[in-house]
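For reference, the structure discussed in these notes is given below.
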Number of protein chains: 2
Amino acid sequence: METLTIGELSARSGVAPSALRFYEREGLIHASRTSGNQRRYDRAELRRVSFIKIAQQVGVSLDEIREALDSLPENRTPTRADWSRLSARWRYRLQERITVLERLRDELSGCIGCGCLSLQRCKLANPGDRLAAGGTGPQRILNPAAG
Amino acid sequence: METLTIGELSARSGVAPSALRFYEREGLIHASRTSGNQRRYDRAELRRVSFIKIAQQVGVSLDEIREALDSLPENRTPTRADWSRLSARWRYRLQERITVLERLRDELSGCIGCGCLSLQRCKLANPGDRLAAGGTGPQRILNPAAG
DNA sequence: CCTTGAGTTGAAGTGAACTTCAAGTTGCAG
DNA sequence: CTGCAACTTGAAGTTCACTTCAACTCAAGG
């Protein structure tokens, strides 16, 4: 049991076989073939699939995920250091996303809790109204850059 | 300027006019009409649109958002209390989502930082391996119920 | 009045992320 | 060696959340 069949990888990763084939077509994961043309996955592919699932949770597109995975070495199985490097980048994005949601939650307790929900007046529009320049919508909440 | 045109609502909410029409078709927002059949939005609709944007950030489908909005009174403009009640429910969902992402971030520092990334062994698979019963994938991370 | 930008419609198109289907092949347990 | 679950393929279908289009009407400033 050095390698996994598509069914096994599916069972262990929780990703449907059809999705795994799709990921392969899209260049996100790789498989070797048996003499009879069936896919066999190196155990290392499990990590790639895990990474894909995690990145999706953060709200990243498959295109971006592929880009990230492409930065892993092609000619050898990625090492701890490889994954570490990759995950550091994503930890940052994750934190960014968490910050947005926390801000959302806090405003939901305050601004929206008070009933205004416009998110433009109230606490959000601070005295100088600096955010108004940013244009439309609940800037500070939905756009991390407008902090 | 008691009411807003679709262009004005779009500018203030940051949602494209086509999206606003789409939301109306889907029953998420409402508009009255001028004698010439143009939409005019009550200012209160701005709150609905804000709510929609926020809920989408949390990863909620328009179907679910409609359900939530349907719980608002139909015959009168929602009060502070109405929005407060609604937002309390969503604050909870938001918190749930934040917790998932925080767990993800922490494991990304530990488990993935060490290079294993399988999320099944390592810290995640605790001694008793209680999670194994849950089946596939990084259960404790991706599924809030498996806490 | 006239122009022009903003608005109207239904239908069709888009892109992301898959799933389903049909028709056939492979791998392994008995 | 047989039977059957698991695998293969490309093409087409699905869902979500919109956007685009074409052909048209409306609203308001000069």
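Letters A, B, ... are given to chains in the order of the sequence lines, protein chains preceding strands, and every chain is numbered from 1.
Contacts of B:Arg33 with the nucleic acid, taken as non-hydrogen atoms under 4.0 Å apart, involve only primed sugar atoms and P, OP1 or OP2.
The pair B:Asp63-B:Arg66 meets the salt-bridge criterion, with a side-chain N (NZ, NE, NH1 or NH2) lying under 4.0 Å from an Asp/Glu carboxylate O. In summary, B:Asp82 and B:Arg85 engage in a salt bridge, as defined by a charged side-chain N under 4.0 Å from a carboxylate O.
Between the CG atom of B:Leu4 and the P atom of C:dA6 there is a distance of 16 Å, given to the nearest Å. For A:Tyr41 and D:dT8, the OH to C1' distance is 12 Å, given to the nearest whole Å. In this structure, CG of A:Asn37 is placed 13 Å from P of D:dC7, rounded to the nearest angstrom. Spacing between atom CD of A:Gln38 and atom P of D:dC4 amounts to 18 Å, rounded to whole angstrom units. Regarding B:Glu8, its CD atom lies at a distance of 13 Å from the C1' atom of D:dA28, rounded to whole Å. Per the geometry, CD1 belonging to A:Ile6 stands 15 Å off C1' belonging to C:dT25, to the nearest Å. Rounded to whole angstrom, the span from the CG atom of B:Leu9 across to the P atom of C:dG7 amounts to 10 Å.
The shortest distance between the side-chain N/O atoms of B:Thr5 and the OP1/OP2 oxygens of C:dG7 is below 4.0 Å. Using a 4.0 Å cut-off, some side-chain N or O of B:Arg39 falls inside it from OP1 or OP2 of C:dT9. Residue A:Thr34 places at least one side-chain N or O under 4.0 Å from the OP1 or OP2 atom of C:dG27.
Under a 3.5 Å cut-off, the side chain of B:Thr3 and the backbone N or O of B:Asp42 do not form any donor-acceptor pair. Although no hydrogens or angles enter the test, the distance criterion places no donor-acceptor pair under 3.5 Å between the side chain of B:Gln57 and the main chain of A:Leu101. Put simply, the side chain of A:Thr99 gets close to the backbone of A:Gln95: a donor and an acceptor are under 3.5 Å apart.
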Can you check nucleotides 16-20 of chain C for protein contacts, nitrogen or oxygen pairs under 3.5 Å, and list what you find?
unit_1: C:dA17; atom_1: OP1; unit_2: A:Leu62; atom_2: N; d: 3.2
unit_1: C:dA17; atom_1: OP2; unit_2: A:Leu62; atom_2: N; d: 3.3
unit_1: C:dC18; atom_1: OP2; unit_2: A:Tyr23; atom_2: OH; d: 2.8
unit_1: C:dC18; atom_1: OP2; unit_2: A:Gln56; atom_2: NE2; d: 2.7
unit_1: C:dC18; atom_1: O5'; unit_2: A:Tyr23; atom_2: OH; d: 3.4
unit_1: C:dT19; atom_1: OP2; unit_2: A:Ser18; atom_2: OG; d: 2.5
unit_1: C:dT19; atom_1: OP2; unit_2: A:Ala19; atom_2: N; d: 3.3

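Of all heavy-atom pairs spanning B:Glu64 and B:Trp90, the tightest one is O-CZ2, 4.4 Å.
Of the listed residues (A:Leu69, A:Ile29, A:Ile65), just one forms a side chain to side chain contact (heavy atoms under 4.5 Å, CB included) with A:Tyr23, and that residue is A:Ile29.
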